[in-house]
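Some notes on the structure that comes next.
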Protein chains: 2
Amino acid sequence: MDKSTTKQRLLDVAEKLFADSGYHCTSLRKITAEAGVNLASVSYHFGSKEALVEAIFERRLRPLNEERLGRLEAVRADAAAAGRKPTAEEALRAFIEPTLRFRDSAPGARYFLHLIGRALTEPDDAVRSIFFRMVGPLFALLFEVLTETLPNLSRNQVFWRLNFAIGAISRCTFLPEKLPVVPPGVELEPSPDLQIDMLVGFLVAGMEAS
Amino acid sequence: MDKSTTKQRLLDVAEKLFADSGYHCTSLRKITAEAGVNLASVSYHFGSKEALVEAIFERRLRPLNEERLGRLEAVRADAAAAGRKPTAEEALRAFIEPTLRFRDSAPGARYFLHLIGRALTEPDDAVRSIFFRMVGPLFALLFEVLTETLPNLSRNQVFWRLNFAIGAISRCTFLPEKLPVVPPGVELEPSPDLQIDMLVGFLVAGMEAS
DNA sequence: CGGCAATTAAAACAAACGTTTGACTTATTT
DNA sequence: AAATAAGTCAAACGTTTGTTTTAATTGCCG
């Protein structure tokens, strides 16, 4: 950490603090203090607090989205090559597997997952817009593929079931440390593969419900 | 609105503004200005900004939670009286129907639903604690009933499926005005009954998935 | 009407915020 | 080695925040 540049330390520390306490509850003074850099360096390297959080999203979300987009297009292409429609499970796995495996893909990636778990309900318009702009095309493609896989459902039904699914997925990328109730015997941080299986099993059944 | 007391105007206006822009992005000056009351009246009537948001939660969430608790206990009692286990659909409807019908139950109730839709990921520890303290017993009971209805699932599986369900439900109580993608032909605000049917159909299938 | 408590009003409080400034140091280039 | 660029630093900027203070006003009861 000490050998990295100021810019990268800012990205790493801000990512963690934003994930812990949210955008507005995290001041630039907290970030720069914990990073051991000067307060003005945020302005120098990024221009503003908002540009800092945008850079954080850009760094992690761009490669993640490219992977999910590629997987989704591959699902579509494979099915077309085989002369069939893709299945709901294929479409959902193309989105979910990269997302949940992302947690252990890099140091600090788990903090970023926490951050995007809160992005759907982010109170700040500017910050939410940054996120929505980046995931918009991905959600649109996922919606299109799902309408193909579920021809018996209206577009409205697919839209809402996709919304339900996104809500369920976000509970895997963001579980607050203080839960209202944690019964004994539950695993708060299952392995990505186990979590994927639980989530896909749940969502495929919900998506294909008659 | 003009005839109501200062205290109630503060509750109504703050509820709406907190729902629109979140707790931290809404200043007491915005609230008191829009309510047409003096800034110091928040301190006088409630004591602090945090106590104000707690009063907002208290006012709406207490009766809503009592209704959901009552319905859940009734589901349990009815099944026991009939010598059978409750079904997952009964348990989920006991929670979901009061929640989604709450939107049209009173003026301003829709704003409060927006507010609790964000409460799960609220960045402020104190505000999130207020919410979690109020819904904790309810979630605990819902978890217990669901473990009874799904004897083939481990407690860990029930816990996570309940989490998925809560995430899906929260997408009905909070849909941001600016969505990443809104395909043509979707109904962004369906009637409570239609939304309940869509949600229950989705969640029962997911809950009971093998 | 007079008096007391409840409420509202205007002003000021200290603290924290994001941002900017200008001097200083380090690194790179010519 | 000189000159230019890049980066860091402490300090201060003006604004906004939640909260407090003190005075004025209102409403109610004897």
Side-chain angles (χ1 to χ4, degrees), chain A residues 1-59 115 118 122-130, chain B residues 1-59 115 118 122-130:
Chain A
M1 197 89 148
D2 283 338
K3 297 217 171 182
S4 55
T5 71
T6 295
K7 194 168 181 178
Q8 277 189 344
R9 273 218 298 281
L10 278 174
L11 286 172
D12 293 337
V13 170
E15 178 178 64
K16 171 168 164 46
L17 294 183
F18 284 153
D20 281 347
S21 310
Y23 178 74
H24 268 94
C25 291
T26 305
S27 69
L28 295 183
R29 283 170 173 83
K30 275 188 221 157
I31 294 170
T32 51
E34 181 148 336
V37 304
N38 190 269
L39 173 61
S41 57
V42 174
S43 198
Y44 178 79
H45 286 285
F46 299 96
S48 68
K49 185 183 183 183
E50 191 178 310
L52 168 61
V53 77
E54 179 163 8
I56 291 172
F57 275 108
E58 190 80 27
R59 177 175 69 155
L115 192 55
R118 220 184 333 232
E122 166 62 45
D124 188 282
D125 287 337
V127 177
R128 198 178 57 247
S129 294
I130 292 169
Chain B
M1 198 92 153
D2 284 335
K3 297 216 171 182
S4 56
T5 71
T6 296
K7 193 168 180 178
Q8 276 189 346
R9 274 217 297 282
L10 277 174
L11 286 172
D12 292 337
V13 171
E15 178 178 65
K16 173 168 164 44
L17 294 183
F18 283 155
D20 281 347
S21 310
Y23 177 75
H24 268 93
C25 292
T26 306
S27 68
L28 294 183
R29 282 167 176 83
K30 276 188 219 157
I31 295 169
T32 53
E34 180 148 335
V37 304
N38 192 269
L39 171 63
S41 56
V42 173
S43 197
Y44 178 78
H45 286 285
F46 299 96
S48 67
K49 185 183 183 183
E50 191 178 311
L52 169 61
V53 77
E54 179 162 9
I56 291 172
F57 276 108
E58 190 80 27
R59 177 175 70 154
L115 193 55
R118 220 182 333 232
E122 166 62 45
D124 188 282
D125 286 337
V127 177
R128 199 178 56 247
S129 294
I130 291 169

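Chain identifiers are assigned alphabetically (A, B, ...) following the order of the sequence lines, protein sequences preceding nucleic acid strands; residue numbering begins at 1 within each chain.
Looking at residues 40-53 of chain A, you'll see Ala40(A), Ser43(A), Ser48(A), Lys49(A) sit with a heavy atom under 4.0 Å from some atom of DNA chain C. Contacts between residues 31-39 of chain A and DNA chain D, defined by a heavy-atom separation below 4.0 Å, involve Asn38(A), listed by number.
Closest heavy-atom contact between Val53(B) and Glu50(B): CG1-O, 3.1 Å. Shortest non-hydrogen contact noted between Leu52(B) and Ala14(B) is CD2-CB, 3.8 Å. Nearest heavy-atom pair across Ser41(B) and Val37(B) is OG-CG2, 3.5 Å.
As a whole-Å value, the separation of Leu28(A) CG from dA10(D) P is 17 Å.
Put simply, the side chain of Thr32(A) gets close to the backbone of Arg29(A): a donor and an acceptor are under 3.5 Å apart.
Atom CG of Leu39(B) is separated from atom NZ of Lys30(B) by 13.5 Å, given to the nearest 0.5 angstrom. In this structure, Lys49(A) NZ and Ser43(A) OG are separated by 13.5 Å, a value rounded to the nearest 0.5 Å. To the nearest 0.5 Å, atom CG of residue Leu28(A) and atom CG of residue Leu17(A) are 11.0 Å apart.
Along DNA chain D, the nucleotide nearest Thr6(A) and the nucleotide nearest Arg29(A) are compared for position; the residue whose nucleotide lies closer to the 5' end is Thr6(A).
Residues Phe57(A) and Val127(A) are in side-chain contact: their nearest non-hydrogen atoms beyond the backbone lie under 4.5 Å apart.
Taking 4.0 Å as the cutoff to heavy atoms of chain A, we find the contact window on DNA chain C bounded by dC17(C) to dT21(C).
Taking 4.0 Å as the cut-off between side-chain N and carboxylate O, Arg118(A) and Glu122(B) do not count as a salt-bridged pair.
Under the 6.0 Å distance and 45° angle rule, Lys7(B) does not count as a cation-pi partner of Tyr44(B).
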